[in-house]
Amino acid sequence: MAGNWKMYKTPAETSAFFEKFRPLVEKSEHCEIVICPPFTNFAAAVSAVTGTHIRIGSQNIAWAKEGAFTGEISGAMLVSSGVTHAIVGHSERRQYFGETNATVLKRTRAALELGLTPIVCVGERLEEREGGLTEELLKIQFAEGIAGLTEHQFAKIAIAYEPVWAIGTGKTATPEIAADAHRAIRAQVREKFGKDAAEAVRILYGGSVKGDNVKTLMAQPEIDGTLVGGASLDAVSFASIVNF
Ligand code: 13P
């Protein structure tokens, strides 16, 4: 269960969140919990989760090791900050910051080289869904991005299916719609990396996940977890998702 805080919270607000969140998930060992705060909150977040099973992730990672890349953050910087996961290719990065399938692949490889777990995001926009192009789009995102990994690398990633029309809109994909998309992604995985890889890969659903819809989403065998935006900002609401 992963929380993507996007561009919210200061270090002080981060510490206050974990103060409240930690006891609520103390016994939740049925799943991995990852919170991805803004870069400036890593120190506060990592210190707050030390000794717990909560992990801290980043919302991005540079493809280069270091260099003249203003505004980027390298894998080594993340690792040395105590970060273990990295979201790659979030639709907001694709939409507003020029992220492409090719850069998603490069960033994913950079994360893997340093032992970080990439959470690679895919998902269609409203016009693609309405045009009946969802599967086609997922195929292209897979073929031009994730399919460039080796089998060994692929075994270490998680995928997040986040339909853009469901993000921050309150319009959750129905469990059936989400499961259909997960099945389509898994079929791509099977074709490229084989049956075992398709069964093993974790595919998270993201898009308006809340305490009151998480149960029906997670009841779909195709859905292995969730990537939560808005509802991960509040300790009680994210704990209710983790403890669904
Ligand atoms: P919301 O849960 O706010 O719709 O955001 C989903 C998301 O983008 C998580 O990465």
Side-chain angles (χ1 to χ4, degrees), residues 1-9 13-14 17 21 31-39 41 45 54-61 73 78 83-97 99 101 103-104 107-108 111 116-126 128-129 134 137-138 141 145-146 157-175 177-179 181-182 185 202-218 220 223-244:
M1 293 301 206
N4 172 11
W5 280 3
K6 309 191 180 184
M7 202 172 70
Y8 289 99
K9 290 196 196 292
E13 288 165 344
T14 299
F17 170 92
F21 183 65
C31 66
E32 281 181 59
I33 306 170
V34 182
I35 300 261
C36 304
F39 305 148
N41 300 353
I54 306 165
R55 297 287 171 264
I56 301 303
S58 154
Q59 299 172 21
N60 192 14
I61 174 171
I73 190 157
L78 298 176
V83 164
T84 53
H85 293 66
I87 297 173
V88 178
H90 190 278
S91 64
E92 285 148 19
R93 301 233 34 105
R94 293 175 186 262
Q95 201 176 343
Y96 306 123
F97 302 101
E99 195 78 72
N101 295 328
T103 58
V104 168
R107 292 184 198 278
T108 304
L116 293 159
T117 301
I119 303 172
V120 184
C121 303
V122 295
E124 79 287 0
R125 289 173 302 176
L126 184 61
E128 288 148 353
R129 169 141 304 259
T134 300
L137 189 271
L138 291 175
Q141 288 180 333
I146 297 168
I157 75 164
I159 298 175
Y161 167 64
E162 297 207 311
V164 179
W165 49 270
I167 296 178
T169 57
K171 283 188 207 152
T172 323
T174 62
I177 288 180
H182 284 216
I185 295 165
R202 287 175 299 173
I203 307 181
L204 315 183
Y205 167 78
S208 298
V209 175
K210 307 270 180 273
D212 59 8
N213 60 25
V214 63
K215 230 188 174 91
T216 53
L217 287 162
M218 290 301 293
Q220 294 286 334
I223 301 180
D224 302 312
T226 60
L227 179 55
V228 185
S232 72
L233 292 167
D234 177 74
V236 172
S237 99
F238 191 49
S240 76
I241 291 172
V242 170
N243 297 324
F244 70 94

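Just the heavy atoms: all of them, side chains too, but no hydrogens, waters or symmetry mates, feed the values below. When a ligand or atom number is given, it counts from 1 through the structure's own listing order.
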Has ligand 1 got any nitrogen or oxygen that is less than 3.5 angstrom from a nitrogen or oxygen of T169?
no

Under a 4.0 Å heavy-atom limit, does A166 contact ligand 1 with its side chain, its backbone, both, or neither?
backbone

Would the distance check show the side chain of N213 and the main-chain N or O of S208 forming a donor-acceptor pair, the cut-off being under 3.5 Å?
yes

Non-hydrogen atoms of K6 versus ligand 1: any pair closer than 4.0 Å?
yes

So if I count the atoms of ligand 1 from 1 in the order they appear, which ones are less than 4.0 Å from some heavy atom of L227?
9 (C), 10 (O)

Between I35 and F21, which heavy-atom pair has the shortest distance, and what is it?
CD1-CE2, 4.4 Å

So, 4.0 Å and heavy atoms of S208: is ligand 1 close enough to count as a contact?
yes

Please verify the inter-ring angle class for Y205 with H182; under 30° counts as parallel, over 60° as perpendicular, anything in between as tilted.
tilted

Look at atom 2 (O) of ligand 1 and say which protein heavy atom is nearest, naming residue and atom and giving the distance to 0.1 Å.
G229 N, 2.9 Å

Residue pair Q59 / W5, side-chain donor-acceptor N/O under 3.5 Å:
no

Among all protein heavy atoms in this structure, tell me which lies nearest to atom 3 (O) of ligand 1, with the distance rounded to 0.1 Å.
G230 N, 2.8 Å

Going by distance only, is there an N or O of G168 that falls short of 3.5 Å from an N or O of ligand 1?
yes

Between H90 and E162, do the side chains contain an N or O donor and an N or O acceptor separated by less than 3.5 Å?
yes

Closest protein heavy atom to atom 9 (C) of ligand 1, given as residue, atom name and distance to 0.1 Å
E162 OE2, 2.9 Å

Ligand 1 to G207, heavy atom cutoff 4.0 Å, flagged ligand atoms 4 (O), 6 (C)

Region of N4 engaging ligand 1 - heavy atom pairs below 4.0 Å
side chain

N/O donor-acceptor pair under 3.5 Å between T103 side chain and E99 backbone:
no

On a heavy-atom basis, the closest approach of L137 and G123 is CD1-O, 3.5 Å

Are any side-chain N or O atoms of T14 and backbone N or O atoms of A45, one a donor and one an acceptor, separated by less than 3.5 Å?
no

